Structure formats: structure tokens, C-alpha cells
Amino acid sequence: MARLFRDPRRDSASSSSNGFAPPAASPAASALPSPFPDLGVQLSPAELRETAYEVLVAASRTTGGKPLTYIPQAGPASPASASSASSANSSSSSLQRSLTSAAASKMKKALGLKSSASSKGGSPGSGGAGVKAAPRRPATVGELMRAQMRVSEPADARIRRGLLRIAAGQLGRRAEAMVLPLEFLQQFKASDFPDLQEHEAWQGRNLKLIEAGLLVHPFVPLNKSDSSAQRLKQIIRGAYDRPLETGKNSESMQVLRTAVTSLAGRSHDGTSDGCHWADGFPLNLHLYQMLVEACFDSDDSTVVDEIDEVIELLKKTWVILGINQMLHNLCFAWALFNHFVMSGQVDIELLSAAENQLVEVAKDAKTTKDPNYCKVLSSTLSSIMGWTEKRLLAYHETFNTSNIESMQGIVSIGVTAAKVLVEDISHEYRRRRKEETDVARSRIETYVRSSLRTAFAQRMEEADSKRSSRNPTPVMSILAKDIGDLAIKEKNLYSPILKTWHPLASGVAVATLHSCYGSELKQFIAGLTELTPETVQVLKSADKLEKDLVNIAVEDSVDSDDGGKSLIREMPPYEAENAIANLVKLWIKERVDRLKGWVDRNLKQETWSPGANRDNFAPSSVEMLRIIGETLDAFFELPIPMHPALLPDLTAGLDRSLQLYVSKAKSGCGSRSSFMPELPPLTRCEVGSKLLFKKKEKPQNPQHRGPQNGATNGTDPLGLPQLCVRLNTLQYIRSELENLEKKIKTCLRNVESAQADITNGLEFKFELCQAACQEGIQHLCETTAYKVTFFDLGHILWDTLYIGDIASSRVELLLRELDPILETISGTVHIKVRNRAITALMKATFDGFLLVILAGGPLRAFTRQDSQIIEGDFRSLRDLFLADGDGLPEELVDKASSQVKNVLPLLRTDSEGLIERFKRLIADSDQSRTASRGKLPMPTTTGHWSPNDANTVLRVLCYRHEEAATRFLKKTYGLPKKL
């Protein structure tokens with residue numbers, strides 16, 4: 001008897017292992033796992049299906065007023081037999097009612113389904129497979145149900161025969177008041193079956209149903225001490241050892257009936273209101289689902305055209321199975337969805353019907369809190385939601401242009417299931433304010449972010465595989481383009497569907513893509529050490545991608561409450577331009593540092609030799625400007641989008657390098673003050689014979705630095721020719737700055753990143769270098785002039801001019817020495833700075849001439865008569881620089897000689913007049929206030945020689961060869977005659 005509980009798969013080798021398996025053979029796709037709890041009893045789908053059919057036939061039999069009849073289906077029905085059947089159906093049970101026209105199906109219309117007659121030809125919604133030879137349609141609902149549930153004619157005949165026997169023995173008793181498995185066991189013996197094995201399987205099925213309905217899943221929970229339950233368990237266990245003797249007069253059947261009747265008659269309120277053997281949860285759902293499967297065509301899983309009659313028939317089983325409208329809606333919604341899945345997700349009509357039916361389920365969920373219903377509702381919707389989310393969390397893999405039609409329905413079903421689970425079942429949700437959670441929007445956002453992240457990861461792998469020797473494009477650039485295409489696809493294909501539940505679906509998508517690419521870009525930037533074309537290409541691609549993504553987000557959120565600010569906050573800038581800018585700044589710094597190093601090295605080797613080129617400037621300056629030009633060319637060749645923005649950094653660095661060159665070019669040459677002699681202490685003349693000054697003694701003058709002539713040593717870096725080359729070099733650099741500025745403007749106009757109006761408004765001046773050249777030229781002119789005057793010609797000024805006899809030591813020697821110097825300057829110095837150099841030399845010569853007169857030392861003495869000679873000499877000195885109109889402009893010479901001209905008249909003034917002038921100047925000065933009573937203070941030396949300067953007048957007295965002057969100096973200041 002153990003064969004009663006053998007593997008149920010032997011009963012239905014072709015059936016699915018779950019309780020929802022439709023009778024169709026070889027479905028297009030696997031069915032979903034059952035959402036109902038396991039029965040805990042080994043009942044196969046075939047056994048459940050046969051039991052469900054028995055319940056259906058029994059329930060239909062009790063609703064009719066006539067005895068149950070059956071028309072065998074041995075062959076094609078003749079018109080006569082069809083007519084006979086029709087007349088019989090008019091007065092027979094509902095099971096034998098004739099089928100109505102497919103076009104009359106109200107339920108199909110409500111579900112949005114087409115009738116098979118209107119969907120022939122294999123349309124997507126029909127589930128058909130092209131034109132086939134149409135099988136003969138069943139004539140009655142009963143025939144249709146038998147065929148749909150795969151019940152054989154002999155089995156059907158046996159069931160009806162058994163029900164007739166039961167009805168004959170229990171007249172007037174309704175099916176819901178009977179335990180059908182018990183009644184069938186009592187009506188049939190082994191002799192009623194073709195073989196013993198089939199009888200044993202049949203008996204085992206009925207015993208397992210009794211066990212499942214009364215012991216495992218009873219309508220009313222059992223007490224552990226219930227004797228009837230213990231007795232029933234023993235009877236069923238005994239069936240393992242020896243067959244159960246069945247039949248009306250069987251003693252074992254009487255014992256079984258007593259135990260079963262006792263358990264089946266229990267109710268929640270203690271009253272006996274019928275038999276409860278098939279309405280315990282979840283057995284009733286497993287049985288009812290088998291009935292619901294009959295609503296679907298066994299060939300193509302579409303809803304049968306006779307759905308109205310079938311559903312009307314199924315409702316008759318509700319009283320036996322304990323089913324209500326809510327449970328029916330749930331089971332039917334599940335069946336519709338499951339058959340859509342099994343269709344390979346191509347039957348859009350089934351999907352739409354499931355969507356519509358699920359709306360009814362959502363309404364039901366708000367009206368009841370029955371624990372059993374909530375339990376099965378939760379498991380069913382969780383199963384549906386699990387299937388939909390598996391596809392929606394990666395909808396880019398699931399849907400494309402060929403099947404996008406199904407996405408709307410799948411999203412709708414998934415969102416509806418989620419809303420019911422959260423809003424009607426979740427206890428946590430009930431504790432929170434409902435307005436805080438928008439379930440639909442939250443789910444869509446989850447789908448979008450998850451799917452886009454998955455799609456992004458796939459694009460990353462694809463981008464890596466696309467790079468090759470034939471396609472050297474950087475992976476990040478390939479990825480940026482792919483992500484841009486993905487965003488467009490998202491916007492055009494998926495977002496229009498998802499916007500039904502989330503108005504900012506596109507924005508959420510591009511924000512997710514922005515974040516994903518941003519993470520990769522951040523790692524890429526962190527590893528950069530130098531600016532390469534590939535690097536710039538990647539950063540430009542990232543910048544373009546970001547602009548495209550932001551534009552989509554902005555377009556998507558125009559009508560949102562916050563104008564899209566929340567989405568934009570999710571998209572922190574990549575700052576690709578900043579990354580490029582930082583790399584370019586490093587590039588600039590490297591070039592500028594390299595140039596500064598070059599300046600340091602090359603200026604140490606520069607000889608400043610004239611004749612190195614035609615224009616007599618340093619070759620190093622030419623090379624430096626060439627390097628700067630190449631640097632500018634290289635900068636403008638960089639494939640970057642912000643040349644105008646970064647150009648000031650480059651020009652500032654180059655400007656500093658040029659300034660460094662100019663500074664080093666003038667450094668080490670000395671200055672005006674370094675060549676100016678120290679003034680000797682004041683002395684007074686020794687009045688006596690003029691023969692004193694005719695002695696051939698060698699004058700000792702501490703200010704003399706060593707005699708030189710105009711033709712200085714060519715190797716001396718501070719010789720006159722070398723100083724002229726330095727001067728020319730600064731002038732050359734200054735003149736080339738304008739060319740550099742023109743070059744920059746031309747390059748700017750040619751780069752893509754510069755707009756004409758912006759370029760025209762930019763000013764790129766090498767201001768530091770310009771100022772350095774200006775100051776350097778002035779410095780070198782003065783330095784050269786004072787070096788020539790006080791160092792190179794110092795032996796003439798201090799050792800010769802006006803030493804001894806004035807008439808024999810006049811200015812002619814100085815003029816002869818100045819002439820070749822002027823020729824050197826004129827022939828070497830650039831014309832634009834030549835006059836400045838000669839003017840500086842003229843001023844230095846005039847200063848030297850005046851110093852000889854006012855601070856020439858004790859070896860010089862002048863009388864009033866000498867003034868004419870000195871004035872004549874000065875005129876000759878002026879004429880040298882005028883050069884008969886070929887030299888400096890006369891007004892320039894006049895301006896430079898004004899100081900000497902103002903002082904020379906003092907030489908003609910008598911000593912008494914000088915003394916009076918001196919006293920008056922001292923009295924008018926601030927020094928008189930601090931002097932002791934009766935003493936004249938010693939005036940300070942300012943260097944600003946003037947007839948109104950007390951120190952200038954005092955110096956004229958010091959060199960006056962007259963007794964009055966000498967006496968005044970001795971009495972007033974006690975000046976010595978000699979040093």
C-alpha cells in the first residue's frame with residue numbers, strides 16, 4: 001500500500017512541479033514558482049487537477065434542477081446530436097450549458113482582450129502561431145472544462161457515475177455538505193478500475209486529500225487532544241501496511257467516515273454548518289488555481305473565448321473551497337501574469353489583462369485585513385514583484401526597440417505590487433505618515449539608478465575591448481561617447497514610459513550616469529602627471545558628456561517644483577576644464593623653469609662681444625626669443641579648449657624669464673655712484689708765485705682709478721664695446737616684445753577656443769620686461785657714461801686738466817680722448833638708443849668738468865682771469881657734442897650744460913663778492929640757527945652745484961688764488977693749505 005504515497009511525478013510526468021502549471025505541453029517559457037505555501041502532502045498537480053474537476057462537477061450538479069447527464073464525445077457530433085444536446089442543455093445542469101459566441105465575452109472586453117476570431121493571423125496580442133487547421137470546438141462548458149483540465153473520458157464517466165450514486169443515496173444533500181473524497185471512496189471498489197495500480201493511486205489520492213484538508217490544513221485548527229484526528233491519522237498510516245477496504249458496507253469505511261465526519265463538521269462558532277474539507281488554507285487555493293488554469297487555452301495559453309461561462313462555473317465551487325471574490329481576483333491576476341511569463345513575454349494582451357486585474361486586487365487589499373488573505377497576497381505580489389524587478393533593475397538588458405511595448409505593463413504591474421505591499425501590508429508604512437513616501441516614484445528611481453549602473457558597467461567593458469591599434473582612442477573617451485549615446489537612448493526610449501510614475505525619470509538617469517562616469521574620471525585625473533594629447537582628449541570628451549547630461553537634466557526638470565535644483569546638486573561638476581588647466585599650468589611652469597635655467601647658464605657664458613651679428617647684440621638674446629616663440633607655438637598647438645584663459649599664466653612666466661635676462665644683462669656693470677669719485681677735503685690756496693704750478697711734479701690724486709683710452713680691451717666684459725652690446729641687447733629685446741604680442745594675437749585668432757570679441761579685448765603685455773628694458777637701458781647709459789668719464793678718462797680729468805698752469809692744461813686732451821669714444825658709441829649702439837647713450841656721456845663729462853673746478857684738490861687754483869679760459873674750454877666741450885649740427889640737438893645740449901653755465905660766473909666774481917654771497921646764503925639757510933654765536937656753520941655738500949648753494953660758493957673760494965679768500969677761509973674754518 002506504500003504505492004499510495006509514491007512520487008507524485010509518476011502521475012503526471014509532463015506536469016510542472018508547482019501548483020500553477022497549465023495543462024499545455026511544452027510552454028514557451030518556464031512557469032513561475034507557486035506563491036502559495038507548500039501543502040506538506042505529496043499531492044501532484046495531476047491529482048490536484050483531478051480533485052478540482054471533481055469539485056467542479058459536484059458543485060455544478062447541485063445547482064441544476066435535473067439529474068446529472070453526460071454526452072460522450074466519441075466522434076464528430078452530427079447536427080442531430082448537437083440539436084439533441086442543445087435541447088438537453090436547456091433543461092440540464094449548468095455544466096451542460098451550450099457555449100455562447102466568442103464575440104459576446106464581456107469579461108474579455110473588461111480585461112482588454114480580443115476574441116480569437118478578431119485576432120487570427122498571429123498578432124502579438126493573440127498568442128497565436130499562424131494559421132492552423134482549427135480543431136473542433138467543444139459544444140458545452142462541461143466538454144470544454146474536461147478538455148481544458150485534461151480529464152480522460154473514462155475518468156470523467158467514473159466521476160459522474162460516482163456522483164449519481166452519491167445523489168441516489170443522499171437525495172437533496174448538497175455537495176458542500178459532503179466530503180467528496182470520503183464519498184468517492186465509499187462508492188468505488190478495485191473492480192471499478194481497469195487495474196489494481198490505478199485503483200491504488202486513486203485511493204491514495206483521496207486519502208491524501210482527506211489528510212491535507214482535515215489534518216494538515218483544516219478549516220478550524222485542531223486541538224492536540226482531538227481523538228478524531230488521532231484516529232484518522234492511524235487509519236491513514238494503516239493504509240501503508242494493507243489496502244483500505246472500501247465500499248458501502250465496509251467496516252473500515254465506517255470507522256473512516258466517523259473520524260472524517262467528526263472533523264469535517266467543526267466550525268468556528270461551534271455550529272455544524274456543513275462539511276469543511278477543501279476550504280482550509282492553502283489547500284483551497286491550490287485546488288482553485290487548477291480550476292483557474294482552465295480559463296487558458298491548452299494550446300497557446302491565451303484566455304479562452306468562453307471565459308464568461310467558465311468563470312460563472314468556477315464561482316459555483318466557491319462555497320466548497322471557501323473562495324470569495326477577493327481570492328478569485330488574486331488567483332486570476334496571478335494566472336494571467338504567469339501565462340504572460342510563459343508566453344515568452346510576447347503576449348501583450350495577457351500582460352494588459354494582468355495589469356487590469358491587478359488594479360482590482362489593489363482595491364481589494366484596502367478593504368480587508370484578513371490574515372490568510374494578507375499572507376497569500378503578500379507572497380503572490382512578492383513573487384510578481386520579484387520577477388518584474390529582476391528585469392526592471394536592469395531594464396536596459398531586458399528591453400529594446402523590439403519588445404519595448406511590454407515595458408509599460410511590466411512597470412505598471414511591478415509598481416502596483418510594490419504599492420500594495422508597502423501601503424496595505426507593511427506595518428512600518430502604517431506607522432509613518434503616508435505623504436512622506438511616494439512608493440511609485442521611489443521604485444522607479446530605484447529601477448533607473450540600478451539599470452543605468454548596470455548598463456554603465458557593461459559599457460565600460462565594451463569600451464575597453466574597442467580600443468586597439470586601429471582605434472587608439474583612449475578608453476575614457478570611448479566610454480564618454482558610449483555614455484552619451486546611452487543617455488540619448490534612455491531619454492528617447494525608456495524615459496517616456498517611466499515618466500508616468502516619475503516626472504524626472506530622464507533627470508535621475510543622467511544624474512546616475514554623471515555620477516558613474518565622474519567616479520571613473522576622478523580616478524583617471526588622480527593618476528595624471530603630465531599633459532598629453534590623450535589626456536586632453538579624455539578631458540574634452542568628459543566636458544562634452546557633462547554638458548550633454550546637464551542639458552538633458554535641465555530640460556527634464558523645467559516644470560518641476562524646484563526647477564531641477566535637486567538633480568543639479570546631484571551632479572557636481574567634473575571640473576574637466578580645471579583639470580586641463582592644472583595640467584597646462586604644470587606644463588607652463590616646467591617650460592618657464594627650463595627657460596630660467598637656460599638664462600642662468602647661458603648668461604654666465606655670454607661674452608657680449610661686438611660683431612657677433614650685424615646689429616651688435618648678444619646671440620643669447622636671439623636664442624632666448626627663439627625659445628619663447630617655440631614655447632608660444634607649442635602652447636597654441638595644445639588641444640585644449642581654454643587658450644585665452646591660460647595664456648596670461650604663460651605670458652606672465654615668459655615675462656618673468658625675460659625680466660630675469662634683462663636683470664642679469666645689466667648686473668655686474670656697476671652704477672653711476674660706483675664710478676663717481678669721492679670728493680677731497682676742502683683746502684685753501686697758498687697765495688704766492690704761480691711758479692708753484694709749473695713744477696714738473698707728479699700729482700698725487702686719490703680719485704684716479706687708472707688711465708685708459710677709448711680703445712679698451714675687447715675681452716673686458718665691462719669694456720665700452722661690451723657695454724654697448726649689452727645696451728643693444730636690451731633694445732633688441734624691447735623691440736621684439738611688440739612682435740611677440742602680435743604673434744600671440746594672431747595665434748589666438750586661429751585657435752578654436754577663442755572668440756573674436758574676447759580675443760580683441762585681451763591685452764597681453766610683457767610689462768615686467770618692458771619696464772626692465774626701459775630701466776636697464778637708462779641704467780646702462782648712465783653706467784657706461786660715468787665709467788668712461790671717471791674711470792676710462794680719469795687720468796685726464798684728475799691728473800691733467802687744470803693742473804699747474806691753466807693755459808697749458810686745458811681741455812684739448814680730453815676732447816681728443818672723447819672723440820674715439822663717441823665714434824665707438826655711434827658705430828656700435830643701435831640708433832634708437834644712440835642719442836640716449838651720448839646724452840648720458842655728455843652729462844657725465846659736464847659733471848666731471850664741474851667737479852674738476854669745484855673739487856679738483858689742492859693742486860688746482862684759479863684766478864678771476866682764468867675764468868675766461870675755463871668758459872672757452874666749456875664751449876669747446878659743448879661743441880664736441882653738437883658736432884656742427886650733426887650731433888645732439890642744441891636744446892638738449894643747452895639743457896645739460898645749464899648747471900655748468902650757472903656756476904661759471906662765480907669764477908669771474910671777486911673774492912669779497914663771493915664772501916658776501918656766502919655769508920648771505922648761510923644766513924638764509926637753516927644751518928645758521930644751529931650755529932654757535934659769531935661762527936659761520938660749515939655748509940653741507942649736496943652735489944647740486946648752484947650759485948645759490950653755499951657749499952658751491954665756498955668751493956669757489958677754496959680754489960680762489962687770492963689773499964682775501966685764503967684769509968677768510970683760514971679765519972672762518974681754519975682750512976689747511978695742503979692735505
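Predicted, not measured: the structure shown is a model, and the values here were computed from it. Nothing fancy with the numbering, it's 1 onward along the sequence.
- To the nearest 0.5 Å, atoms CG (L336) and SG (C331) are separated by 11.5 Å.
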Practice item. In sequence, state the C-alpha distance, the side-chain angles, and the governing distance for M145 and V141, and then conclude on side chain to side chain contact (heavy atoms under 4.5 Å, CB included). Key: CA-CA 6 Å; M145 292 300 294; V141 181; 4.1 Å; yes
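- Between H286 and H217, every side-chain heavy-atom pair lies at or beyond the 4.5 Å cut-off.
- Rounding to the nearest 0.5 angstrom, the gap separating the CD1 atom in I410 from the CG atom in L351 is 5.5 Å.
- At least one side-chain heavy atom of L291 sits less than 4.5 Å from a side-chain heavy atom of M149.
- Here the side chain of K208 pairs a donor or acceptor atom with the backbone of Q42 at under 3.5 angstrom.
- For residues 363-383, the set of pairs meeting the ring-ring contact (aromatic ring centres under 6.0 Å, His included) definition, not counting sequence neighbours, is empty.
- To the nearest 0.5 Å, atom OG of residue S60 and atom CD of residue E312 are 10.0 Å apart.
- A donor atom on one side chain and an acceptor atom on the other are not found under 3.5 Å apart for Q148 and Y53.
- Listed here is the closest heavy atom pair of A365 and L377: CB-CD2, 3.7 Å.
- Look at E143 and R146 and you find no salt bridge, because none of the NZ, NE, NH1 or NH2 atoms lies under 4.0 Å from a carboxylate O.
- Smallest separation of non-hydrogen atoms from A417 and L358: N-CD2, 4.3 Å.
- Proximity of V151 to E50: side-chain heavy atoms (C-beta onward) are nowhere separated by under 4.5 Å.
- Counting only distance, with no hydrogens or angles, the side chain of Y494 and the backbone of F399 share a donor-acceptor pair below 3.5 Å.
- A donor-acceptor contact shorter than 3.5 Å links the side chain of W277 to the backbone of M178.
- When side chains are defined from C-beta on, F337 does not count as touching S383, because their heavy atoms never get closer than 4.5 Å.
- In this structure, F219 CZ and L283 CG are separated by 13.0 Å, a value rounded to the nearest 0.5 Å.
- Closest approach of D364 and N329 over heavy atoms only: OD2-ND2, 2.9 Å.
- Taking both residues in full, the closest heavy atoms of H276 and L214 are given as O-CD2, 3.3 Å, listed atom of the first, atom of the second, then distance.
- Annotation: side-chain hydrogen bond (donor to acceptor under 3.5 Å, both in side chains) contacts of E54 (sequence neighbours excluded): R205.
- The backbone N or O of L111 sits less than 3.5 Å from a side-chain atom of N356, completing a donor-acceptor pair.
- Looking at K369, its side chain does come within 3.5 Å of a backbone N or O of D424 through a donor-acceptor pair.
- Counting all heavy atoms, side chain and backbone alike, V292 lies closest to A335 at CG1-CB, 3.6 Å.
- Within a 6.0 Å sphere centred on NZ of K375, other residues, nucleotides and ligands contribute 12 heavy atoms or fewer.
- Looking only at distances, a side-chain donor or acceptor of T446 sits under 3.5 Å from a matching main-chain atom of S442.
- Looking only at distances, a side-chain donor or acceptor of T454 sits under 3.5 Å from a matching main-chain atom of S450.
- Across all their heavy atoms, S495 and A505 have their closest contact at OG-C, 4.1 Å.
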**Study point:** From CA spacing to verdict: side chain to side chain contact (heavy atoms under 4.5 Å, CB included), K315, I311
**Key:** CA-CA 6 Å; K315 288 182 178 180; I311 293 297; 3.9 Å; yes
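- Here CG of L321 is found 10.5 Å from CG of L327. Values are rounded to the nearest 0.5 Å.
- Note on ring orientation: taking the six-membered ring where Trp is involved, the planes of H328 and F332 are parallel (angle under 30°, cut-offs 30° and 60°).
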Taking only distance into account, with no hydrogens and no angle test, what donor-acceptor pairs under 3.5 Å do side-chain atoms of residues 384-393 form with protein atoms, sequence neighbours excluded?
unit_1, atom_1, unit_2, atom_2, d
T388, OG1, I384, O, 3.3
T388, OG1, M385, O, 2.9
E389, OE1, R443, NH2, 3.2
E389, OE2, R443, NE, 3.0
E389, OE2, R443, NH2, 2.4
E389, OE2, Y447, OH, 3.2
R391, NH1, W387, O, 2.9

Exercise for review: Would you please test I444 and V411 for side chain to side chain contact (heavy atoms under 4.5 Å, CB included) and show each step?
Suggested key: CA-CA 8 Å; I444 296 299; V411 174; 3.5 Å; yes
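- Between atom CG of residue N206 and atom CD of residue E211 there is a gap of 13.0 Å, rounded to the nearest 0.5 Å.
- Counting only heavy atoms from C-beta outward, the side chains of I497 and T500 never approach each other to under 4.5 Å.
- Contact annotation: the side chain of F296 approaches that of L350 to within less than 4.5 Å [non-hydrogen atoms, C-beta and beyond].
- Side-chain contact of Q345 with S406: a donor-acceptor pair under 3.5 Å is absent, judged by distance alone.
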Exercise for review: Start with the C-alpha distance between V303 and M107, add both sets of side-chain angles, then the distance that settles side chain to side chain contact (heavy atoms under 4.5 Å, CB included), and finish with yes or no.
Suggested key: CA-CA 10 Å; V303 175; M107 189 166 184; over 6 Å; no
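- At least one donor-acceptor pair under 3.5 Å links the side chain of S343 to the backbone N or O of F340.
- A donor-acceptor pair is defined here as one N or O able to donate and one able to accept, closer than 3.5 Å; such a pair exists between the side chain of N403 and the backbone of T398.
- Of the possible polar contacts, one joining the S379 side chain to the P35 backbone as a donor-acceptor pair under 3.5 Å is found.
- In this structure, the side chains of R165 and R161 come closer than 4.5 Å at one or more pairs of heavy atoms.
- Side-chain contact check for L287 versus T51: some heavy-atom pair is nearer than 4.5 Å.
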